[in-house]
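The structure under discussion appears below in the form of structure tokens.
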2 protein chains.
Amino acid sequence: MLRLSKLTDYAVVVLTRLDDATDGGVLTAPGLAGATGLAEPTVAKVLKILAHAGLVEGRRGALGGYRLTRPLADMPLIDVITAMDGPIALTACVDNSFGVCESESTCPVRGRWDPVNEAIRRALSGISIADLAGPPAVVPHPEPASPVFVAG
Amino acid sequence: MLRLSKLTDYAVVVLTRLDDATDGGVLTAPGLAGATGLAEPTVAKVLKILAHAGLVEGRRGALGGYRLTRPLADMPLIDVITAMDGPIALTACVDNSFGVCESESTCPVRGRWDPVNEAIRRALSGISIADLAGPPAVVPHPEPASPVFVAG
DNA sequence: TGCAATCCGGACCTTGATGGTCCGAATTGC
DNA sequence: GCAATTCGGACCATCAAGGTCCGGATTGCA
Ligand code: SF4
Ligand code: SF4
């Protein structure tokens with residue numbers, strides 16, 4: 001259903017909670033688990049992946065924990081999605097991938113999905129995590145469609 | 001990876017092939033399978049789902065087959081995705097769904113995904129199947145981001 | 001110096017959805 | 001009446017995602 005993975009969803013929740021203590025302090029994985037209501041191993045896994053992508057920073061040892069590397073306003077949503085779910089790729093044939101699709105030779109839409117991917121990437125790049133956690137942002141219907149393709 | 005299902009991809013392929021004979025004629029499922037290089041049962045399944053959604057029309061009996069109900073230019077991509085993969089729903093908490101998420105009570109981003117869904121829906125509504133099958137449509141980078149949220 | 005707390009990395013298994021296949025029933029043209 | 005074709009549903013296999021667990025490394029404290 002064009003649904004992103006649960007881990008990505010949890011990542012956003014954890015990131016917003018992690019914003020509660022950004023002033024030098026760190027939060028532990030069990031602490032975040034308790035704050036978010038998620039299972040501890042799951043939160044730990046999410047934090048590990050986020051740390052691997054550089055979105056959060058982990059400090060080991062006693063009094064260790066996780067800390068944001070950037071304010072949430074400077075963290076676009078696409079970065080989180082890319083970190084958790086991998087790059088945006090609606091179909092198997094992206095960029096220059098071969099051999100993944102059985103009918104790549106006779107397919108008339110071979111490589112035509114790239115603009116669609118670009119459109120979604122652009123839509124997701126304009127949204128930051130702060131927008132998802134901030135005040136009840138209103139959607140003002142800015143423009144009807146902003147067409148991506150030029151009519152041939 | 002924010003990837004839509006293969007069936008949706010195949011649906012687009014079948015639809016573009018189905019456009020080859022729209023002038024009253026119909027195409028059979030095995031014929032389309034041969035033209036697309038996909039397995040016959042898979043094509044049949046795709047056509048059944050598309051027929052159920054009203055995107056194609058099936059005629060039974062001898063000399064039966066499938067036919068497009070609309071030109072591809074009037075068939076936005078989101079209709080095909082909705083027909084195959086169901087409605088666009090990035091997370092479990094869409095609109096007014098309860099009980100699906102375990103941490104729906106303590107989640108700070110509860111319901112905040114709806115604008116994101118809207119953004120993607122809008123991006124996908126501006127693209128038709130004809131754009132995917134037509135000439136090598138150029139992407140002109142119309143606007144940088146077209147922000148969905150208003151800065152609070 | 002020893003100990004406890006915490007992150008780190010990987011491997012493992014379980015589950016759910018998806019993809020793919022098949023068969024019987026209904027319908028239409030000859 | 002017969003053959004051809006779609007229609008509808010059920011069925012099973014496969015795969016990736018979700019979730020869990022353990023050992024090792026690092027840091028602060030007594
Ligand atoms: S080659 Fe065609 S069928 Fe294969 S993944 Fe690309 S668009 Fe889909
Ligand atoms: S309530 Fe929160 S955690 Fe649950 S699906 Fe919605 S955004 Fe995700």
Side-chain angles (χ1 to χ4, degrees), chain A residues 1-11 13-14 18 25-34 36-67 69 81 83-86 89-92 100-103, chain B residues 1-11 13-14 18 25-34 36-67 69 81 83-86 89-92 100-103:
Chain A
M1 320 174 190
L2 199 60
R3 169 169 301 181
L4 48 81
S5 65
K6 281 185 176 180
L7 271 296
T8 306
D9 184 14
Y10 295 160
V13 178
V14 170
L18 204 55
V26 292
L27 292 180
T28 66
L32 284 168
T36 56
L38 302 173
E40 291 186 23
T42 303
V43 175
K45 186 173 191 174
V46 168
L47 288 170
K48 274 186 282 190
I49 301 175
L50 290 177
H52 208 262
L55 297 180
V56 300
E57 204 175 26
R59 182 169 185 79
R60 294 201 205 177
L63 302 187
Y66 285 94
R67 184 174 65 84
T69 58
I81 295 178
M84 302 298 296
D85 278 6
L90 267 64
T91 58
V100 288
C101 181
E102 53 199 44
S103 67
Chain B
M1 324 175 187
L2 199 60
R3 170 169 301 181
L4 47 82
S5 65
K6 281 184 174 180
L7 271 294
T8 306
D9 185 14
Y10 295 160
V13 178
V14 170
L18 203 55
V26 292
L27 293 179
T28 66
L32 284 169
T36 56
L38 302 173
E40 292 186 22
T42 302
V43 176
K45 187 174 190 174
V46 169
L47 287 170
K48 272 185 282 190
I49 300 175
L50 289 176
H52 207 262
L55 297 180
V56 300
E57 205 175 27
R59 181 168 188 78
R60 294 200 205 178
L63 302 188
Y66 285 94
R67 185 174 64 84
T69 57
I81 296 178
M84 302 299 296
D85 278 6
L90 267 64
T91 58
V100 287
C101 181
E102 54 200 43
S103 66

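Quick caveat, the model's predicted, so the values are computed rather than measured.
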Between D:dG18 (C1') and A:D9 (CG): distance, integer Å: 13 Å
Selection from D:dT6, C:dT18, D:dT20 that lies nearest to any side-chain heavy atom of A:T42: D:dT20
Phosphate OP1/OP2 of D:dA17: any A:Y10 side-chain N/O under 4.0 Å: no
Identified side chain to side chain contact (heavy atoms under 4.5 Å, CB included) counterpart of B:V56 within the set B:I49, B:L27, B:V46, B:L18: B:L18
Sugar-phosphate only, base, or nothing, as touched by B:L47 at under 4.0 Å among non-hydrogen atoms: nothing
Euclidean distance, atom CD1 of residue B:I49 to atom C1' of C:dG19 [Å, nearest integer]: 10 Å
Pairing residues for B:S5 by the side chain to side chain donor-acceptor pair (under 3.5 Å) criterion, not counting sequence neighbours: B:T8, B:D85
Rounded distance in Å - CD (A:E40) to C1' (C:dA5): 14 Å
Sugar-phosphate, base or nothing in reach of B:A44, heavy atoms under 4.0 Å: nothing
hbond_proxy B:K48 side chain to D:dG9 base (donor-acceptor, 3.5 Å cutoff): yes
Residue pairs involving residues 47-65 of chain A (criterion salt bridge (charged side-chain N to carboxylate O under 4.0 Å, His left out); sequence neighbours excluded): A:E57-A:R67
Minimum-distance nucleotide (side-chain atoms of B:L7 versus D:dA17, C:dG20, C:dC7): C:dG20
Results of salt bridge (charged side-chain N to carboxylate O under 4.0 Å, His left out) for B:E40 - residues two or more places apart only: none
B:A39 side-chain proximity, nearest of D:dT6, D:dT20, C:dT21: C:dT21
Atom pair distance, as rounded to whole Å: CG in B:L2 and P in D:dA16: 17 Å
Nearest-nucleotide pick for A:Y66, side chain only, options being D:dT20, C:dC8, C:dG20: C:dC8
Nearest-angstrom distance from the residue atom CG of B:L38 to P of C:dG20: 9 Å
The helix from C:dT1-D:dA30 to C:dC30-D:dG1: angle between end helix axes, five pairs per end, rounded to 10 degrees: 10°
side-chain contact (heavy atoms from CB on, under 4.5 Å) against A:A53, all qualifying residues, sequence neighbours excluded: A:L55, A:A83
Sorted by number, the residues of residues 50-65 of chain B with heavy-atom contact under 4.0 Å to DNA chain D: B:G58, B:R59, B:R60, B:G61, B:A62, B:G65
